[in-house]
Amino acid sequence: MDAGLAAVLGALAGSIATIGAALATGWSARVQAKITARAEHVRQRRDARQAVYEEFLAAAHAHLDLSKLLLAPAPEDFDDLDRLRILPPGMDLLAVRRESKALHENLVKVSTRVQLAGPKEVSVAADLVDDKSGDVYGVLGTIHLPADYPGAPSLSEQWSDGCRDFVEFSSAVDDFSESARIALDNDGTKK
């Protein structure tokens, strides 16, 4: 083999190696850029979800705090509400009802943002919290009916129903918290 041909073949081999290295470096840089972009997207989405989940839980706990009065022993009549100091200080039953309505409506409003933030498991858990919050509001809204209203259950029966609804509401909030935690722990590698 002639020295000139050897030099040309050597130069060609060096060029091919350089091009191959450049292609590999470019491909590697592209893959790394995708990984970085995906990680940033997952982080931003997680931060947004966490904020809305925290707002939803705060709204749910505000309604739970007001409605925990349903855990008190069932009053026999409306005088027991005052005598047993079941109602929050400075509030009568009508004020409790209005506050429960406002807290439930706020929860429903924040729930819309949870639905948009997803994922589906968290949205389903938020729907259940909404439903159970509505049940508690419904009980607090009807407790004021006089016991002699035709077909109305007694105050103690209404209270017992309210206690059951409160426990289900509290359980739904706990389930939502667990679903939200799992969603926030997802690093983007699981579907």
Side-chain angles (χ1 to χ4, degrees), residues 45-147 149 151-186:
R45 183 146 191 179
R46 181 188 180 284
D47 290 350
R49 282 180 173 171
Q50 182 172 347
V52 75
Y53 295 169
E54 286 174 357
E55 186 179 355
F56 184 77
L57 283 170
H61 283 286
H63 197 199
L64 280 171
D65 287 346
L66 174 73
S67 53
K68 69 182 171 190
L69 61 91
L70 292 168
L71 295 177
E76 293 299 318
D77 56 37
F78 288 98
D79 292 335
D80 277 354
L81 290 175
D82 293 330
R83 188 173 57 255
L84 298 174
R85 298 177 191 226
I86 293 172
L87 299 177
M91 295 181 87
D92 61 5
L93 196 52
L94 189 57
V96 168
R97 178 178 185 231
R98 279 193 302 262
E99 184 67 13
S100 180
K101 179 181 181 190
L103 292 170
H104 173 66
E105 288 173 348
N106 183 53
L107 184 66
V108 170
K109 184 176 84 173
V110 177
S111 177
T112 301
R113 295 180 45 218
V114 171
Q115 302 301 320
L116 293 173
K120 184 177 181 177
E121 295 79 17
V122 176
S123 297
V124 169
D127 280 342
L128 185 59
V129 171
D130 279 351
D131 290 346
K132 297 306 177 182
S133 171
D135 292 347
V136 167
Y137 162 62
V139 166
L140 289 173
T142 58
I143 280 179
H144 72 284
L145 293 173
Y149 184 78
S154 71
L155 180 60
S156 63
E157 290 171 323
Q158 291 175 353
W159 208 268
S160 295
D161 290 345
C163 181
R164 182 198 65 237
D165 289 342
F166 174 86
V167 170
E168 290 174 0
F169 178 28
S170 180
S171 178
V173 171
D174 291 343
D175 291 346
F176 172 84
S177 294
E178 181 63 14
S179 295
R181 185 195 59 73
I182 291 168
L184 292 174
D185 282 348
N186 186 348

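Predicted model only: the values in this text are computed from it and were never measured.
- Shown here are the salt bridge (charged side-chain N to carboxylate O under 4.0 Å, His left out) partners of D135, two or more places apart in sequence or in another chain: K132.
- In this structure, OG in S177 is found 11.0 Å from CD1 in I182, a value given to the nearest 0.5 Å.
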* Asked: Between M91 and L66, is a side chain to side chain contact (heavy atoms under 4.5 Å, CB included) present by the stated rule, with each step listed?
  -> CA-CA 11 Å; M91 295 181 87; L66 174 73; 4.3 Å; yes
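- Under the 4.5 Å side-chain criterion, counting only non-hydrogen atoms from C-beta, L70 is not in contact with R164.
- In this structure a side-chain-to-backbone donor-acceptor pair under 3.5 Å is missing from W159 to L71.
- Of all the heavy atoms in A172 and V129, the pair that sits closest is O-CG2, 3.3 Å.
- Contact between S123 and Q115 at its shortest, heavy atoms only, is CB-OE1, 3.1 Å.
- Minimum interatomic distance between V52 and R113 (heavy atoms only, all atoms of both residues): CG2-CB, 3.4 Å.
- For the atom pair L184 CG and R49 CZ, the distance stands at 8.0 Å (nearest 0.5 Å).
- In this structure, S100 and L140 approach most closely via the heavy-atom pair OG-CD1, 3.6 Å.
- No side-chain donor-acceptor contact under 3.5 Å links S111 to the backbone of L107.
- For H63 and F169, the ring centers are positioned less than 6.0 Å apart.
- Evaluation of the ring pair (Phe, Tyr, Trp, His ring centres under 6.0 Å) rule for F176 yields Y53, F56 as partners, not counting sequence neighbours.
- Atom CG in L69 sits 8.5 Å away from atom CG in L93 (nearest 0.5 Å).
- Between the CZ atom of R97 and the CG atom of D92 there is a distance of 12.0 Å, given to the nearest 0.5 Å.
- Partners of S156 according to the side chain to side chain contact (heavy atoms under 4.5 Å, CB included) rule, which considers only residues two or more places apart in sequence or in another chain, are A74, E76, S154.
- Q158 approaches V139 most closely through the heavy-atom pair O-CG1, 3.8 Å.
- How far CD of E105 is from NZ of K109: 10.0 Å, rounded to the nearest 0.5 Å.
- Between the S179 side chain and the D175 main chain, a donor and an acceptor come within less than 3.5 Å of each other.
- Separating the OG atom in S67 from the NE2 atom in H104 is a distance of 11.5 Å, to the nearest 0.5 Å.
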